[in-house]
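Okay, so here's the structure we're looking at.
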Protein chains: 2
Amino acid sequence: MPTDKNIELTINHGHAASPPKAAKKILDVAYDLFYRRGIRAIGVDEIVKRAGVTKPSLYRSFPSKDELAASYLRQYDREYWERFDEAVAAHPGDPRAQISAFLTRVGKRTQRPDYRGCGMTNAAVEYPEHGHPARVVSEANKQELRHRLREMAAAMGAQDPDTLGDGLLLLIEGAYISGQLFGLGGPAASVARNADLLIEASLKK
Amino acid sequence: MPTDKNIELTINHGHAASPPKAAKKILDVAYDLFYRRGIRAIGVDEIVKRAGVTKPSLYRSFPSKDELAASYLRQYDREYWERFDEAVAAHPGDPRAQISAFLTRVGKRTQRPDYRGCGMTNAAVEYPEHGHPARVVSEANKQELRHRLREMAAAMGAQDPDTLGDGLLLLIEGAYISGQLFGLGGPAASVARNADLLIEASLKK
DNA sequence: TGACAATGTTACCGATCGGTACGTATACAT
DNA sequence: ATGTATACGTACCGATCGGTAACATTGTCA
C-alpha cells in the first residue's frame, strides 16, 4: 500500500496544537455508524450531523464517502491486528496457545449484545465489486489473516498446514457471521472449542 | 410462518392461463440482482427496467421493496433446503455421509467464479435491524440450519452434538463468506475436508 | 498590523431513492 | 353492447443521495 493520502497520515502536520479535530471526529463517528449499521445504510449527512460538523469539512478531509469508508476500515485493520498480536504476544513460541487465546477472545466478542460482526467481512459483503476502495482494504486484511493462520498451523506441526490454517479461518469467519446472526448463545460461542478439536485432529501423530 | 400474503401463493389463482406474469418476472430479476449485487445496492427502478415492466406493477404485487427482498429470500430458502435435502436423500440413514455430501457441494459452489456467498447471510449483514422483513427470513433459515446440524451431529454419535453441530455451522458460514472474499482457491475449498476432520475428532471413541 | 493558509458555514446541485395518483387496455360475463 | 374486474403504463411526488461553489472565521506567521 504505497500511496496513502488519507487523514491518518496528515492529522497533525507540523504545528504543535493546530487541530484538524473535525477530521478525527468525522472518522470516529463514521467508524461507529458504519460498523453498527453498515456503510451503505449511512449517509454522509448523518455522519456530519452526529459529528457536529458540516459536509464540506468531510470532503476536505476525505475525497469521497467510499474513501471515508476505506479509512474506517484501515482504522479497523489496525485495531484488528492489535488484538491479534496481543494474543500472540501472550504466548511466545506457542502458536497453538496463541490461536487458542485469539479464538477465546473472538468467541467472547461475538457474545456481546451489540456485536455486529467483523467490519472487514461486512464491508466485503456490502461491496462485491472488485476494486472498490472499501473492498480492497477488506480483501487485504483477509489475505493477511489467511497467511498468518497458515504459518501458525505450520509452526504448530500440522500434517497439512494449509488445510488447518484454512479450517481455522473458516471457523473464525463463521464466528463473525453467526455472532451477529444468532446473538448470545449462538454457535460462535463454541469457536474456540471447535478450533481446538480441529487442531488436535490435524497435528502429526 | 402462518401468514404469507406474497406472490408465491397467489401466482395462479383460478384462471388456468391468465396469471400476472409481471410478478414472476419481477421476482426473477430481483432474485438475480439482489443476490449478485446486494439488496441495498439495487433500486426498484433498475429491477422494473430489467424486468421490462413498470413500477406500479411491482407495487401491485409486492407491498414494498423490503417485502420484495423478503420474497426473494423465501425463494432462496426453498432452493436452499432443496439442495440440502438432496444431499440428505442421497445417503439415507447415514448422517455423516449426508453432511459430507452437502459440504462437498457447498465447497464446489463457493469455487464458482460468480459465487456471491449465501443470500441469507448477506441479507442479514445488510440489514442488522431486528424485525426487518428480510432479516426475519434470514434468521429463520439459519435457526433451521442450526437445528438440523445439531440433530445430525447427535445422530452420527457425537460426544457433544451441540458443539459439533455448531462447529459445522461455523465452517459452513465461513465457507459462504470466504467463498466470495477469496474466490477460486480460497479457504472455502477445504470446507468438506475440515468438516470431516472435525467430525472424526468429535465422535465417541 | 497585515497577509496567508487552514478550517468552518450557508446554500445549493443533479441524480436517484422508494412509492403513488390516475388514466388506459384487455378479457370475460351478462 | 356494456358493465366489471383485473393488469399495465404515464407521469409524478417529496425525501434523500453524494458532492460542491462561494463565503466567513480562525490562528499563525512576518
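Order of the sequence lines sets the chain letters (A, B, ...), proteins ahead of strands, with each chain counted from 1.
Residue B/Ile47 is out of contact with every strand shown, counting any heavy-atom pair closer than 4.0 Å.
For the pair B/Met156/B/Leu164, a side-chain contact is recorded, criterion being any heavy-atom separation below 4.5 Å from C-beta on.
Minimum interatomic distance between B/Ile39 and B/Phe34 (heavy atoms only, all atoms of both residues): CA-CD2, 3.6 Å.
When the P atom of D/dG9 is taken as reference, atom NZ of B/Lys49 falls 16 Å away, rounded to whole Å. Here the P atom of nucleotide D/dG18 and the CG atom of A/Asp66 are 9 Å apart, to the nearest Å. If you take CG of A/Asp45 and C1' of C/dC13, they are 13 Å apart, rounded to a whole angstrom. One atom, CZ of A/Arg60, and another, C1' of C/dA5, lie 12 Å apart when rounded to the nearest Å. Between B/Leu68 atom CG and C/dC17 atom C1' there is a gap of 15 Å when expressed in whole angstrom units. The nearest whole Å value for the distance from the CG atom in B/Leu33 to the C1' atom in C/dC17 is 16 Å. Look at NZ on B/Lys65: it is 13 Å from P on D/dC17, rounded to the nearest Å. Atom CD1 of B/Ile39 is separated from atom P of C/dG18 by 12 Å (rounded to the nearest Å).
For C/dG19, one of the phosphate oxygens OP1 or OP2 lies less than 4.0 angstrom from a side-chain nitrogen or oxygen of B/Tyr59. Of the side-chain N and O atoms in B/Ser57, one or more sit less than 4.0 angstrom from OP1 or OP2 of D/dG9. At the phosphate of C/dT9, OP1 or OP2 sits under 4.0 Å from a side-chain N or O atom of A/Thr54. Contact annotation: B/Lys55 side-chain N/O to C/dG19 OP1/OP2 distance is not under 4.0 Å.
With the nearest nucleotide of DNA chain D identified for both A/Arg40 and A/Pro56, A/Arg40 has the one nearer the 5' end.
Side chains of B/Tyr80 and B/Glu144: a donor-acceptor N/O pair is absent below 3.5 angstrom, by distance only. Donor-acceptor pairing under 3.5 Å is lacking for the side chains of B/Gln143 and B/Arg146.
A donor-acceptor pair under 3.5 Å is formed between the side chain of B/Arg116 and the backbone N or O of B/Arg36.
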